[in-house]
Amino acid sequence: MVTLSRKFSTATSDSLTYISHKQFSQNPQKSTPFYQIQQQQLEHLKSRIVTTLDGCKNLTQIKQVHARILLSDLEQSCYVLAKLIRTLIKLNFPVDPYPRSIFNRVKYPNPFLYNALIRGYLIEERLNESIELYSLMRKGGAGPLSFTFTALFKACGAKMNMSLGRQIHGQTILVGGFDEDLHVVNSMIDMYIKCGFLEFGRKVFDEMPKRDVISWTELISAYAKTGNMESAGELFDGLPVKDMVAWTVMVSGFAQNAKPREAIMVFEKMQESGVETDEITLLGVISACAQLGAAKYADWIREVAEKSEFGGKHSVVVGSALIDMYSKCGSVGDAYRVFQGMKERNVYSYSSMILGFAMHGRAHDAMKLFDEMVTTEIKPNRVTFIGVLTACSHAGMVEQGWQIFELMEKCYGIKPSADHYTCMVDLLGRAGRLQEAHELVKTMPIEPHGGVWGALLGACRIHKSPDIAAIAANHLFELEPYCIGNYVLLANVYASCGRWSDVSTVRKLMRARGLRKNPAFSWIESEKGMVHEFFSGDMTHPRSGEIKQALEDLLERLEAKGYQPHLSSVPYDVNDEDKRRILMIHSEKLALAFGLISTLPGSEIRIVKNVRICEDCHSVICGASQIMGREIVVRDIMRFHHFHDGICSCGNFW
DNA sequence: CTAGGGTTAG
């Protein structure tokens, strides 16, 4: 054995130490200088080992490779050993003891080796060990690499460990150079954002000598997530080169902040600018279309999705989003067709479909799909159960609901959340079992949130139960004092019982808190895809005269068949004639009348409403579907109503 | 060998 090569004292290069004479003599390339041959041979061996490691699937295989390394001249090679450690960690082996022991035997570990181990500890969320190793690396004279910092920042962000993050920030300056490394600084910004200190991230951003599209996008995304679309938009406008991710952040930002029209507008601009689109961009647009609930947009975005390069058939994510969208646009049939056409399905696909059926009152289909789901590999999650419970609730299936509710924890290990209790309260409340519902709220093991009391209050509205309504409302007035809907609901309950002095007390409370009622409105798509909006009593539509006439004709025909206006739906202390007039001009009735005169006889009418449908409108639309022979679909704030031949899919139960 | 975007419920 001849010692040929230098001992690598600088820890940044690979610590190769020896090469055997035997290996050398087998190589007859006499004209090549000595060290070049050994380099070549070792490089060859290294790359063979790395390839083998990439193919390793289990511990036995890795140990074989390790044995080969130990017998070769690569026994101290940081490059190969780092790869070995990374492979182990990729296969989910804990850092201790095996990968750590490999590291411990290396005399001069280089930063790559340190980094492999640090990353391992980070994955195990052992932040302290990572930091210890980092200090050891510094003490040993090895310089850190930028990805050591990025990994550390990432871990601090995930653990929301701001103080440690700031220390590491200090290190980047101390070590020198890294505070100008884009990878490092960008992950630092991300760390501050994840720790909830957006302004710190912004400060770093403002002081950066050079920034790239990633720095910008991080901040735009952070503003969008806090709902500050103005700041997001300002930054975005100033971004010199907008790439796909930056555009996508704006699209999904608007979608997540309930600004679907803006989301679609940004998407259209994105397409004009010629930037590529991928499925994540589409998710934002699809979600926006779902919020709009307009069939025109639904078909448009499905076409865009199908034309895009990720396959004519939908991917799991896009497919699942489309299912949700079609359900919310009133087309459960289309939603189910997408569901059936998907090659692969996940928990989103099933949950969205179950929720879709539930929203449309197709409880039986929802349950059937749930039964099918549990035979697959896909595990139901908390959202799935919200779908199943909603289905029970909308169909008045109290007993099945209780069964599912118990099954959830027993068989699937999902602890009922406040949202699940909301479903149960809704289920009992709708079925008229208000006392039981109230009892459940009082005895639930977790703190009831606004949703739970809101469900109880909503049930009191249907069953005209002012006493429990007052209890629920008082909780709500504390939990969410500025939520206008609760005051309106309580006032409506009092009004329906004729307790007018209580109604005016609630109205006074509203005024005292500076709250004003949101105007109710409905909208409908005409045949040409135009959207027509109607407010209550709205006579601004160009065809108002015809609309009024059509409505009067309709009501006349209904009265001839025994229809009586539900005067108790009017929350004002006025005479019956005025109540009749108020009911007559409800926005959904105007939209319905416009639908009747503006669409072809026999075609479907779709109406969307921003609040719950009232009882009187519900019965009028039921009658209209029969007399006029029309399918009518109404989406209110809670669910869908499919009216067909005088019957609604909700079974008069909403 | 590292930095940015995502779907269901509420």
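Chain letters run A, B, ... following the sequence lines, proteins first, then strands; residues in each count from 1.
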Plane angle bin for A:Y350 and A:F339 - parallel if under 30°, tilted between 30 and 60°, otherwise perpendicular: perpendicular
Whether A:F197 and A:F200 hold their rings parallel, tilted or perpendicular, with breakpoints at 30° and 60°: perpendicular
Donor + acceptor pair across side chains of A:K225, A:S221 (<3.5 Å): yes
Between C1' of B:dA3 and CG of A:N186, the distance in whole Å: 5 Å
Under 4.0 Å protein heavy-atom contact, by nucleotide of nucleotides 5-10 of chain B - B base, S sugar-phosphate only: BBBBBS
Expected output: side-chain A:H360 to main-chain A:R362 donor-acceptor under 3.5 Å: no
Spacing of A:D181 atom CG relative to B:dT2 atom P, expressed in whole Å: 14 Å
Parallel, tilted or perpendicular: ring planes of A:H475 versus A:W453, cut at 30 and 60 degrees: parallel
For atom NZ of A:K90 and atom P of B:dT2, their distance in whole Å: 11 Å
Any A:K154 side-chain nitrogen or oxygen under 4.0 Å from OP1 or OP2 of B:dA3: yes
Base B:dG4 paired with A:D212 side chain (donor-acceptor, <3.5 Å): no
Interatomic distance where CD1 belongs to A:I168 and P belongs to B:dA3 [whole Å]: 13 Å
Ion pair check, A:D371 and A:K368, cut-off under 4.0 Å: no
